[in-house]
Trainee: 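If you scroll down you'll find the structure; I have some questions about it.
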Amino acid sequence: MNLNISGHHLEVTPSIREYVNSKMERVIRHFDNVIDVNIILSVEKLQHQVEATVHVRGRDIHVEATDENMYAAIDLLADKLDRQVVKHKEKSMDHRNESIKQHQPSAE
């Protein structure tokens, strides 16, 4: 997995980079077919915004989160991203199971 972290109007410190890494490991634990992750951290006045685009096989998942605290925004993003990745995994597993059922001969 390639992880790209960039900041707009913000310097990405090693502590923020490590915190984002630890949160992304949780996502990878649920779905290991993640190819690429791009994360953009930005600050506008008092709002901290985090955007992530995750490239998995067959789809790109885009998630945004905003909060007054950067670490809280990263937490929100990780929760949203985790739900989306699990949802994508379940859909792909359902489609795979349907195609296997269609190709099996009936046992009548």
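Side chains are part of it too, since the values below use all heavy atoms of this structure and drop only hydrogens, waters and symmetry mates.
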Trainee: Which heavy atom of Arg57 sits nearest a heavy atom of Ile35, and at what distance?
Mentor: N-CD1, 4.0 Å

Trainee: Decide yes or no for Ile39 and Met24: does some side-chain heavy atom of the first lie under 4.5 Å from some side-chain heavy atom of the second?
Mentor: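 Counting from C-beta outward, Ile39 and Met24 do come under 4.5 Å.
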
Trainee: Check whether Leu10 and Leu76 end up in the same hydrophobic cluster, where Ile, Leu, Val, Met, Phe, Trp and Tyr are linked by side-chain heavy atoms less than 4.5 Å apart.
Mentor: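 Each belongs to a different hydrophobic cluster.
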
Trainee: Strictly by salt bridge (charged side-chain N to carboxylate O under 4.0 Å, His left out), give each pair with a member in residues 60-75 just once, sequence neighbours left out.
Mentor: Lys23-Asp75

Trainee: Taking all atoms of both residues into account, what is the closest heavy-atom pair of Leu77 and Ala65, and its distance?
Mentor: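 For Leu77 versus Ala65, the nearest heavy atoms are N-CB, 3.6 Å.
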
Trainee: Looking at CD of Glu44 and NE2 of His9, how far apart are the two atoms once the value is rounded to the nearest 0.5 Å?
Mentor: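 It comes to 6.5 Å.
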
Trainee: Might you point out which heavy atoms bring Asn21 and Leu3 nearest each other, and give the distance in Å?
Mentor: OD1-CD2, 2.6 Å

Trainee: Look up atom CG in Asn38 and atom OG1 in Thr53, then write down how far apart they are to the nearest 0.5 Å.
Mentor: 6.0 Å

Trainee: If I take atom NZ from residue Lys80 and atom CD1 from residue Ile61, how far apart are they, to the nearest 0.5 angstrom?
Mentor: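 That separation rounds to 14.0 Å.
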
Trainee: Nearest 0.5 Å, please: how far is CD in Glu11 from CG in Leu41?
Mentor: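 These two atoms lie 12.0 Å from each other.
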
Trainee: What I want to find out is whether Asp79 reaches Arg26 closely enough, with some N-O distance under 4.0 Å, to be called a salt bridge.
Mentor: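 Salt bridge: yes.
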
Trainee: Look up atom NE2 in His88 and atom CG in Leu81, then write down how far apart they are to the nearest 0.5 Å.
Mentor: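 It is 11.5 Å, given to the nearest 0.5 Å.
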
Trainee: Check the hydrophobic clustering (I, L, V, M, F, W, Y; side-chain heavy atoms under 4.5 Å; chains of links allowed) and say if Ile74 and Ile40 are grouped together.
Mentor: no

Trainee: Among Val43, Thr13, Val20, which residue satisfies the side chain to side chain contact (heavy atoms under 4.5 Å, CB included) criterion with Met70?
Mentor: Val43

Trainee: Specify the closest pair of heavy atoms between Val12 and Gly7, including all atoms of both residues, with the distance to one decimal.
Mentor: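 Looking at all heavy atoms of both residues, the closest pair is CG2-N, 3.7 Å.
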
Trainee: Are Val63 and Arg83 close enough that some pair of their side-chain heavy atoms sits under 4.5 Å apart?
Mentor: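 They are not in side-chain contact.
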
